[in-house]
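In what follows, a structure is listed as structure tokens, so that the remarks can point back to it.
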Amino acid sequence: MRAHPHYNPFNVREPAEYPDWTKVFARPEQPLDLEIGFSTGRWLIQYAKNFPERNIAGLEIRAKFIEYARRRIAAENLANAYVLQANAATALRRLFAPRSLSRVIVMFPDPWYKPRHLKRRVVNPQFLTELAECLRGGAELHIATDQQNLAAAMLADLTAAPEYQNKHAPYAPENFAGLTTDIELYNTRRGREIYRLVFVRR
Ligand SMILES: C[S@@+](CC[C@H](N)C(=O)[O-])C[C@H]1O[C@@H](n2cnc3c(N)ncnc32)[C@H](O)[C@@H]1O
């Protein structure tokens, strides 16, 4: 997709493709996990290497990150990772069958957050309802942010959603799986607080 001065990826409603999840991984019978907003793919690639017994899909709204992550996945010969361009706000139910996802990770979804942006957050009640349809019972949803107000808003949404149960009220004490994203590294090096939410699909 060509960059255009007025091009806004958030207006993109259709995913770039509809993968057949039974064909894109070497072992399609493995649990299917999803990272939303993977940017450079740092976390996703570490995850694919550390969890060869699981499959990891990645959604990213910005086209440039897809090409970059695909090159890295190919260079590392990772047959359990697949990424595509899609807007997670509108595409989840068209991309994933009901109850097909085992784990979902959303790390630092809204970085340049200001109070007036709270309404536009990625993790909002509608997103949670759509995601709930795609999650298996017992599936984990992991979210992290360095913004306290945003963490509180997401915590309130999740607590109000009947499909989810908090695993560590209110925030999880530690990083999931010991893997870090770019923004997580940036924050931890500056000693900033990170708010981690882990909810389970009922
Ligand atoms: C602040 S970055 C965080 C990147 C990475 N998760 C990290 O922690 O370093 C947020 C990423 O989410 C992507 N993103 C934002 N909204 C999205 C959406 N609705 N669907 C898919 N990706 C989205 C952005 O393009 C960006 O790469």
Side-chain angles (χ1 to χ4, degrees), residues 30-39 42-44 46-48 50-51 53-60 88-93 95-202:
Q30 299 190 146
L32 177 58
D33 303 335
L34 169 68
E35 184 183 12
I36 294 173
F38 59 80
S39 71
R42 179 193 162 84
W43 189 93
L44 186 138
Q46 293 178 81
Y47 188 79
N50 279 258
F51 295 92
E53 74 288 1
R54 307 181 73 93
N55 294 326
I56 177 81
L59 300 188
E60 174 53 64
T90 54
L92 289 180
R93 282 185 300 188
L95 283 169
F96 299 103
R99 303 208 162 245
S100 62
L101 295 173
S102 293
R103 200 177 266 169
V104 173
I105 295 91
V106 193
M107 299 294 282
F108 303 90
D110 303 278
W112 318 123
Y113 162 77
K114 295 199 177 100
R116 69 174 186 275
H117 295 153
L118 201 57
K119 277 191 292 188
R120 283 196 251 140
R121 64 188 180 275
V122 171
V123 176
N124 62 37
Q126 189 186 337
F127 167 88
L128 290 172
T129 301
E130 294 187 13
L131 178 63
E133 285 187 28
C134 307
L135 293 175
R136 289 175 185 271
E140 286 184 358
L141 170 60
H142 294 258
I143 303 170
T145 180
D146 56 332
Q147 310 288 335
Q148 189 173 19
N149 286 357
L150 180 57
M154 296 191 292
L155 178 63
D157 291 345
L158 276 156
T159 305
E163 301 94 339
Y164 301 89
Q165 183 167 26
N166 198 345
K167 214 175 155 188
H168 300 275
Y171 297 112
E174 58 197 25
N175 166 307
F176 163 59
L179 309 177
T180 47
T181 68
D182 292 313
I183 300 215
E184 181 163 15
L185 268 185
Y186 178 93
N187 280 311
T188 46
R189 283 183 183 145
R190 283 161 183 77
R192 292 197 183 148
E193 178 126 23
I194 295 176
Y195 304 89
R196 303 176 191 280
L197 296 156
V198 183
F199 277 70
V200 175
R201 175 74 165 97
R202 290 182 200 271

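Here, residue 1 is the first one in the sequence, and each next residue gets the next number.
- Without hydrogens or angle criteria, R121 side chain to L150 main chain gives no donor-acceptor distance under 3.5 Å.
- When atom types are taken as modelled, the side chain of E60 and the backbone of F38 share a donor-acceptor pair closer than 3.5 angstrom.
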> After noting the C-alpha distance and the side-chain angles of R42 and E184, does the key distance pass the salt bridge (charged side-chain N to carboxylate O under 4.0 Å, His left out) rule?
Replying inline: CA-CA 11 Å; R42 179 193 162 84; E184 181 163 15; over 6 Å; no
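- Taking a 6.0 Å sphere around CD of E53, one finds it holds more than 12 heavy atoms contributed by other residues, nucleotides or ligands.
- Taking CD1 of I56 as the start and CG of L34 as the end, the distance is 6.5 Å to the nearest 0.5 Å.
- Nearest approach of A144 to P109, heavy atoms of both residues: O-CD, 3.4 Å.
- Checking side-chain atoms of E163 against main-chain N and O of R201 turns up no donor-acceptor pair under 3.5 Å.
- When the side-chain hydrogen bond (donor to acceptor under 3.5 Å, both in side chains) test is applied to D33, the partners found at least two apart in sequence or on another chain are Y47, R54.
- No side-chain donor-acceptor contact under 3.5 Å links E130 to the backbone of T90.
- The main-chain N or O of L141 is never found under 3.5 Å from a side-chain atom of Y164 such that the two would form a donor-acceptor pair.
- Checking side-chain atoms of Y195 against main-chain N and O of N149 turns up no donor-acceptor pair under 3.5 Å.
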> Yes or no on side chain to side chain contact (heavy atoms under 4.5 Å, CB included) for D110 and Q147, after CA distance, side-chain angles and deciding distance?
Replying inline: CA-CA 9 Å; D110 303 278; Q147 310 288 335; over 6 Å; no
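- Taking each heavy atom of N166 and P170 in turn, the nearest pair found is ND2-O, 3.1 Å.
- One finds the CG atom of L185 at 14.0 Å from the CH2 atom of W43 (value rounded to the nearest 0.5 Å).
- Contacts of E140 classified as salt bridge (charged side-chain N to carboxylate O under 4.0 Å, His left out), with partners at least two apart in sequence or in another chain: K167.
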